[in-house]
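Working notes, structure below.
Predicted, not measured: the structure shown is a model, and the values here were computed from it.
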Amino acid sequence: MKVYGKRVLVAFAISLLGFSCGEPEAVQEGRSWVGYVDPLIGTEGPGNVYPGVSAPFGMVQLSPDNGTSGWDRISGYDWRDTTIAGFSHTHLSGTGAGDLYDISFMPAVPPFRVGAGELGVYSAFRHEDEEARAGYYSVLLRDYDTRVELAATERCGMQRYTFPAGETQATVFVNLSKAMNWDYTLGSELRVVDDRTIEGWRASTGWAPNQRVYFRSEFSQPFTSWRVDTVVSTHSDSAYNGIRSHVGRFTFRVAAENSEPVVVRTSISAVDLAGARRNLAREMPTFDFDSIRRAQVAVWNAELGKIEVRGGTTAERHAFYTALYRTMLAPTLFDDVDGLYRGADGEIHAGDVPGEGGHNYSTFSLWDTYRAAHPLYTFLHPERVRRMATSMLNFYDQHGMLPVWPLWGNETDMMIGYHAVPVLVEAALKGLLPEGMLDRVLAACTATANRDDYRGIGLYKLMGYVPADLEGESLSKTLEYAYDDWCIAQLARRMGRDSVYNEFILRSKNYMNLFQPASGFMQPRLSDGEWVAGFDPKAYTDHITESNGWQYLWAVPQDVEGLIRLMRGPAQFERRLDEMFTLAPAATDSLPIFSTGMIGQYAHGNEPSHHVAYLYNYVGRPDKTQKYVSQILRRQYSARPDGLCGNEDCGQMSAWYVFSALGFYPVDPVSLTYAIGTPLFEEATIRLPSGKSFTVLAPGVSATRYRIREMRLNGRSLGAPFLTWQDIVRGGTLELTMQE
């Protein structure tokens, strides 16, 4: 049995709120939802998440870095590591590619431990000396007997260092040169303003090809000496050899009779140094660490309290509220307190939300998050949904295309499709966008969908599919373009634009052109109309994005009924689903790094599979949906450090869990319909922004009592296992009678 330490086996004592919440009932009575959040969940294995601090959707993600590269450290941190080499202010939550790690601080006392290569100055640590909560992180650097505590506001991070008493050479390293996980430093500036203040910038390229972070840092006490070293890169990639950047070291004297901590507050900006100065003055005007911590915990508590669950095990409640927390770590705020932000064109723009600053957002992992994370925001954060939509439209104006995977204002072009479309259309159809914005939305959607020179779109329009001999990932692109086109058609119909509707509803049927009746699979097709030879549905090839033929067979959420007809009826559709979940990989099969959380050929660790368990509902077998949803909830997630079976992907993995634990899921978000699965808790209540609430009751639900005998919505029996958007936002109660 693997042992992870007492912190993952018991609830946390939230002393900063003035009461203990070690037991679940105390947590609920005190309404301290943060007591259930454990940011160390998912830090071991493929989750790729960071344990540090961020405000909800904040631009700062202040977190420890192990200081070495590798896929398991894309967030900067891996549970299995025993070293920390800095605390940097920007991180990605659970992605499959790495970047950021900007403006790194490392406290230390002589003699310094220095590692080779990227590691630099570092210290050993133990998990027994580590604490992570929503809004607070703490760790003891054992080699320096120094306690580090972290807190953050939206644009600022605060660190509190408790050095050994009497230490005359307490040192803080500020590293602007460190680069890891495809992040290359292009240059920096580190300027000493006075004996308490430093500021500067770091420029880098990587996943975000043109990133510049400006910062200002102020210390709570004067440093007694300082120096700034110029570092010349000797990176193995010759293109980055000779790059000059900076590492500063600042020394403090700690009184023997009073080991007063050294506190440093740091703001960041993508605009300029003046923006960083304003951000610090507005958000973090004092060095009162405990005040910042308490305020941010209160903010998190309010956000987490939008959903209340009762029942289940303590571990399940930890997993649930940690998942809900992680849905709010991205997208990230990307503007200054005055609303200025750096646009996709590299120019500085003013936000256009009157009276509210810009509230511009970036870090949209849209291939992942359009499925469940953004649909969840429509219930919990409708005001942010509007601002995110505005951010996407502004990105279109500056870039000529809606965002695909923007990071720090840069288009990374990671993944495929034009999945800003379903996010915008869902928000429009739910009435979350002003009517006056809809023309702008439709224009941006259609223009993006008609970029003939982008990733085979022109060929797709001409031939009805993306040909495999002319474009990579052709099968996946065809199916995902078809879904996005269906979304455009729904918006056009809502707006009475018949010609646009007719054009895009026809395009949405293009998925049919890749269905091979003889094999019963979607197959890649050549430009001459022939099928690619040697198709193996279990194989992972360049024709399919991060998946195989089994996983992309079901990528038609907009027309499940049409897919059923292609498969020759409900019985055959059900049989193929059964095969999907029971055809286990052979011992000789080589699975790629993203195929994790396997149940047969179903891969819960990657997004194309996420809706598949719910498809049984469409052929009258909700019992099988309930079986597999219960299995995924209870076996693919846990409250342990290895509690995520795949990349978190900026909230999508967690959003699946939140929706499914509540008892329903958006198979196609734009349909405004939700398939009912089986809940994890006996009672769950969503507190809607309107003041209404929607409650799911499932008395007696458990790992053995997950089947539903009867469903009643507001006292009326449901004829089918589906809910609508209106059913939920009107408020009410879904009562589920459970059975073994």
Side-chain angles (χ1 to χ4, degrees), residues 96 364-375 392 401-406 411-426 445-452 454-468 470-491 504-515 521-525 540-560 562-563 566 594 603 606-612 615 649 652 666-671:
F364 289 102
S365 183
L366 292 165
W367 185 81
D368 309 289
T369 55
Y370 85 86
R371 306 166 195 265
H374 282 280
M392 293 179 187
M401 185 174 177
L402 285 170
V404 174
W405 213 122
E411 180 58 85
T412 71
D413 276 317
M414 181 66 76
M415 308 312 296
I416 61 170
Y418 27 94
H419 295 316
V421 166
V423 174
L424 290 167
V425 172
E426 179 189 13
C445 289
T446 55
T448 299
N450 285 313
R451 275 286 302 269
D452 291 354
Y454 186 80
R455 293 184 169 178
I457 290 177
L459 294 167
Y460 164 83
K461 291 166 56 181
L462 178 67
M463 305 179 68
Y465 62 94
V466 178
L470 301 178
E471 183 77 18
E473 302 175 280
S474 62
L475 185 148
S476 298
K477 288 174 180 173
T478 298
L479 298 181
E480 298 200 26
Y481 293 161
Y483 174 69
D484 292 339
D485 291 344
W486 186 85
C487 297
I488 295 172
Q490 304 316 300
L491 179 59
F504 282 92
I505 201 66
L506 182 63
R507 283 171 54 163
S508 75
K509 302 297 184 181
N510 282 344
Y511 76 88
M512 296 181 177
N513 296 328
L514 293 189
F515 187 79
F521 284 93
M522 303 290 177
Q523 291 187 205
R525 203 167 188 173
Y540 295 84
T541 72
D542 293 340
H543 305 303
I544 304 177
T545 303
E546 294 189 2
S547 304
N548 64 19
W550 273 108
Q551 290 147 21
Y552 255 92
L553 172 59
W554 316 99
V556 192
Q558 76 274 22
D559 191 13
V560 178
L563 187 59
L566 286 179
F594 44 74
N606 212 4
E607 279 66 26
S609 290
H610 275 190
H611 68 294
V612 177
L615 295 181
D649 284 319
Q652 171 58 28
V667 170
D668 166 22
V670 169
S671 72

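Applying the side-chain contact (heavy atoms from CB on, under 4.5 Å) rule to Asp559 yields the partners Lys509, Tyr511, Met512, Val556, Glu561, Arg565; only residues at least two apart in sequence or on another chain are considered. For Glu473, the side-chain contact (heavy atoms from CB on, under 4.5 Å) criterion is met by Ile416, Lys477, Thr545, not counting sequence neighbours. When the side-chain hydrogen bond (donor to acceptor under 3.5 Å, both in side chains) test is applied to Trp367, the partners found at least two apart in sequence or on another chain are Glu480.
To the nearest 0.5 Å, the span separating CZ on Phe515 from CD on Gln523 amounts to 9.5 Å. Atom-to-atom distance recorded for His543:NE2 and Thr478:OG1 is 12.0 Å, nearest 0.5 angstrom. To the nearest 0.5 angstrom, Ser476 atom OG is 10.0 Å from Leu514 atom CG. The CZ atom of Phe504 sits 12.5 Å away from atom CD of Gln490, with the distance rounded to the nearest 0.5 Å. Separation of atoms CZ (Arg507) and NZ (Lys461) is listed at 5.5 Å; rounding is to 0.5 Å. Within the model, atoms CG of Asn510 and OH of Tyr465 stand 11.0 Å from one another, a figure rounded to the nearest 0.5 Å.
Taking every heavy atom of both residues into account, Cys445 and Ile488 meet most closely at O-CD1, 3.6 Å. Counting all heavy atoms, side chain and backbone alike, Ser474 lies closest to Pro524 at OG-CB, 4.1 Å. In terms of heavy atoms, Gln652 sits closest to Ala373 at OE1-N, 3.3 Å.
No side-chain heavy atom of Pro608 sits under 4.5 Å from any side-chain heavy atom of Glu546. A 4.5 Å side-chain heavy-atom check between Met522 and Ile544 finds every atom pair outside the cut-off. Thr448 has its side chain out of reach of Tyr454: every pair of non-hydrogen atoms, C-beta onward, lies at least 4.5 Å apart. Under the 4.5 Å side-chain criterion, counting only non-hydrogen atoms from C-beta, Pro422 is not in contact with Pro669.
In this model, a donor atom of one side chain and an acceptor atom of the other lie less than 3.5 Å apart for Tyr418 and Asp485. Between the side chains of Asn513 and Tyr460, no donor-acceptor pair is found at a separation under 3.5 Å. Counting only N and O atoms by type, the side chains of Tyr370 and Glu607 include no donor and acceptor under 3.5 Å apart.
With Thr369 contributing its side chain and His374 its backbone, the two residues share no donor-acceptor pair below 3.5 Å. The main-chain N or O of Asp668 is never found under 3.5 Å from a side-chain atom of Gln558 such that the two would form a donor-acceptor pair. His611 places a side-chain N or O within 3.5 Å of a backbone atom of Trp554 that can act as its donor or acceptor partner.
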>> The test is side-chain contact (heavy atoms from CB on, under 4.5 Å); show your working for Leu402 and Leu424 and say whether it passes.
In response: CA-CA 10 Å; Leu402 285 170; Leu424 290 167; 3.9 Å; yes
>> Checking His419 against Phe364 for the side-chain contact (heavy atoms from CB on, under 4.5 Å) test, could you report, in this order, the C-alpha distance in whole Å, the side-chain angles of both residues, the deciding distance, and whether it holds?
In response: CA-CA 10 Å; His419 295 316; Phe364 289 102; over 6 Å; no
> Does the pair Ser365 and Trp405 meet the rule for a side-chain contact (heavy atoms from CB on, under 4.5 Å), with working shown?
Replying inline: CA-CA 5 Å; Ser365 183; Trp405 213 122; 3.0 Å; yes
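Remark: Asp452 CG is packed, more than 12 non-hydrogen atoms of other residues, nucleotides or ligands lying under 6.0 Å away.
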